[in-house]
Amino acid sequence: NQSPYLRTTDTKAYTHGVEFISFLHQHLISQGQPLGLMSYLRFVAGNRMKLRYNMQTIIVDMENFYRLPLEPLFKKYVY
């Protein structure tokens, strides 16, 4: 019997993803955002939980929220 839920995510997504999120958090702190990713996550949780996101909309949304160019980091470390 196979579970009706089959995980197809590459396991590298978990290790590399965690490392990138940690890097992004520290990068934001170094750019003068004392809460790092936490301020954006609180904003999303309070205002945008019902919206659909994909990577491009998340990047644009984060750039608008922080007023920092973040797409180059995603291109360098994620894609």
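Two different hydrophobic clusters hold V60 and V78 under the rule that ILVMFWY side chains link at heavy-atom gaps under 4.5 Å. The hydrophobic cluster containing F23 does not contain I29, counting ILVMFWY residues as joined when their side-chain heavy atoms lie under 4.5 angstrom apart, directly or transitively. No path of Ile, Leu, Val, Met, Phe, Trp and Tyr side chains, each step under 4.5 Å between heavy atoms, connects M49 with L51, placing them in separate hydrophobic clusters.
Here the straight-line distance linking atom CG of L35 with atom CZ of R42 works out to 5.5 Å at 0.5 Å rounding. I21 contributes atom CD1, which lies 6.0 Å from atom CG of L24 (distance to the nearest 0.5 angstrom).
Remark: M55 CE is packed, more than 12 non-hydrogen atoms of other residues, nucleotides or ligands lying under 6.0 Å away.
Below 30°, between 30° and 60°, or above 60°: for F74 and F20 the angle between ring planes is above 60°, a perpendicular geometry.
Partners of N54 under the side chain to side chain contact (heavy atoms under 4.5 Å, CB included) rule, at least two apart in sequence or in another chain, are Q56, T57.
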What pairs of donor and acceptor atoms, side-chain ones from residues 65-73 against any protein atom, are under 3.5 angstrom apart with sequence neighbours left out?
unit_1, atom_1, unit_2, atom_2, d
Y66, OH, G36, O, 2.6
Y66, OH, S39, OG, 3.4
Y66, OH, Y40, N, 3.4

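For residues 15-34, no pair satisfies side chain to side chain donor-acceptor pair (under 3.5 Å), with sequence neighbours left out.
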